[in-house]
Amino acid sequence: MFFYYSLAILAALSWSIASLISTDITRKLGSLSFNRLRLFFVSIMLIGYASFQNSWDTILIEYLNIIILSGLVGIFLGDTFLFMALQRIGPRRNNILFSLAAPFTIILNILILNQKMTLLEILGCLIVFIGVVIAITYGTNKKNIHRWEVIEGSIKIGIILGIIAAFCQAVGLILIKPILDKGADPIATAAIRTSISAFLISFTFFSNKSSNISIKQTYTPIIIIKIIIAGFLGMALGMSLLLIALQKGDAGIVATLSSTSPIMILFILWILTKKIPTFGAWIGAIFAIFGTGLIFIN
């Protein structure tokens with residue numbers, strides 16, 4: 001189990017890097033324009049890899065409805081709201097809201113899937129979540145403000161969108177967990193979830209009623225490359241690692257460990273901006289490491 005929970009942490013690392021790459025592009029292109037292209041490229045990657053693995057035979061006909069519904073809620077709706085929030089409030093604030101996916105998943109995991117968690121696991125998840133909240137809430141000050149801290153538009157709308165995105169992510173995970181338990185290949189499953197989302201979001205191309213949908217800037221080779229990299233790290237790699245971890249691990253624990261990406265963002269920003277994280281960021285990181293340790297020990 002240690003291996004699979006480690007994959008959830010690696011997924012968080014992939015998401016943190018992808019989030020930083022995505023922020024500037026999202027603000028240049030608009031959230032839906034960015035997500036539309038990202039899902040298109042990721043779908044090609046995942047379909048190609050699943051075909052190379054020849055894992056399509058693990059997807060039974062009776063699985064399709066649930067997989068499609070999971071993709072609709074977790075990716076099409078979840079990612080759309082996520083990037084709308086990211087465009088408005090930046091990666092740090094966005095990630096603290098998206099980390100709510102962990103407690104949402106734990107609650108749904110217990111209520112819907114009837115999964116039982118030990119007291120130590122629950123305590124570990126709680127400590128990790130507290131650490132994430134502390135790290136991001138007190139992770140910046142006036143001395144280390146940078147362009148990713150800028151708020152564009154209404155912060156209230158950004159907060160609402162971020163919470164909805166977190167809930168959609170949790171629902172998507174809970175829906176797909178039983179299918180993975182039955183032996184569906186995580187990569188093939190991810191390919192179907194992403195492809196149906198890419199198909200649905202492609203229809204936004206024909207509408208320009210919202211500034212979020214209209215193209216704000218001409219696509220350049222650099223922007224396309226960044227979208228491909230962000231898509232690979234955030235979905236082709238990150239989501240695949242998450243689903244592989246989810247196949248063998250407890251859904252609540254996997255969601256909690258994958259929610260540590262905000263802490264990783266703070267330290268990546270340290271490297272990129274040369275600005276040392278605040279005392280609150282260090283305290284939050286210590287909490288998260290301690291909570292993760294309890295989960296692994298158990």
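Thr260 contributes a side-chain N or O that, together with a main-chain N or O of Leu257, makes up a donor-acceptor pair within less than 3.5 Å. For the pair Ser197 (side chain) and Gly71 (backbone), a donor-acceptor distance under 3.5 Å is present.
Among residues two or more places apart in sequence or in another chain, the side-chain contact (heavy atoms from CB on, under 4.5 Å) test is passed with Ile222 by Thr220, Lys226. Taking the salt bridge (charged side-chain N to carboxylate O under 4.0 Å, His left out) definition, one finds that Arg38 meets it with Asp79, sequence neighbours left out. For Ile286, there are no side-chain contact (heavy atoms from CB on, under 4.5 Å) partners two or more places apart in sequence or in a different chain. When the side-chain contact (heavy atoms from CB on, under 4.5 Å) test is applied to Leu10, the partners found at least two apart in sequence or on another chain are Leu7, Leu241.
The closest side-chain heavy-atom distance from Ile47 to Trp56 is below 4.5 Å. Residues Phe76 and Ile201 meet the side-chain proximity criterion, which asks for heavy atoms closer than 4.5 Å. No side-chain heavy atom of Ser258 sits under 4.5 Å from any side-chain heavy atom of Ile9. Side-chain contact between Leu242 and Trp15 is present, with at least one heavy-atom pair separated by less than 4.5 Å. Using a 4.5 Å heavy-atom cutoff, the side chains of Val254 and Tyr5 are in contact. Side-chain contact between Leu46 and Arg193 is absent, with no heavy atoms from C-beta onward closer than 4.5 Å. Here the side chains of Leu60 and Lys182 are not in contact, with every heavy-atom distance at 4.5 Å or above.
When hydrophobic clusters are built by joining Ile, Leu, Val, Met, Phe, Trp and Tyr residues whose side-chain heavy atoms come closer than 4.5 Å, directly or via intermediates, Phe3 is grouped together with Leu180. The same ILVMFWY cluster, assembled from side-chain heavy atoms under 4.5 Å apart, contains both Met84 and Phe203. Linking Ile, Leu, Val, Met, Phe, Trp and Tyr residues whenever their side-chain heavy atoms come within less than 4.5 Å places Ile225 and Met235 in a single cluster.
Pairs passing the salt bridge (Lys or Arg N to Asp or Glu O under 4.0 Å) check and including a residue from residues 44-70, sequence neighbours excluded, do not occur.
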Using a 3.5 Å cut-off and no angle test, enumerate the donor-acceptor pairs between side-chain atoms of residues 158-174 and protein atoms at least two apart in sequence or in another chain.
none

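No more than 12 heavy atoms of other residues, nucleotides or ligands shown are found within 6.0 angstrom of CZ on Phe287.
Taking the six-membered ring where tryptophan is involved, the planes of Tyr49 and Phe52 are tilted, since the angle between them lies from 30° to 60°.
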Start with the C-alpha gap between Leu37 and Phe41, add the side-chain angles, then the distance that decides, and say whether side-chain contact (heavy atoms from CB on, under 4.5 Å) holds. CA-CA 6 Å; Leu37 272 179; Phe41 289 124; 4.1 Å; yes
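Side-chain atoms of Asp185 and Ser55 include a donor-acceptor pair closer than 3.5 Å.
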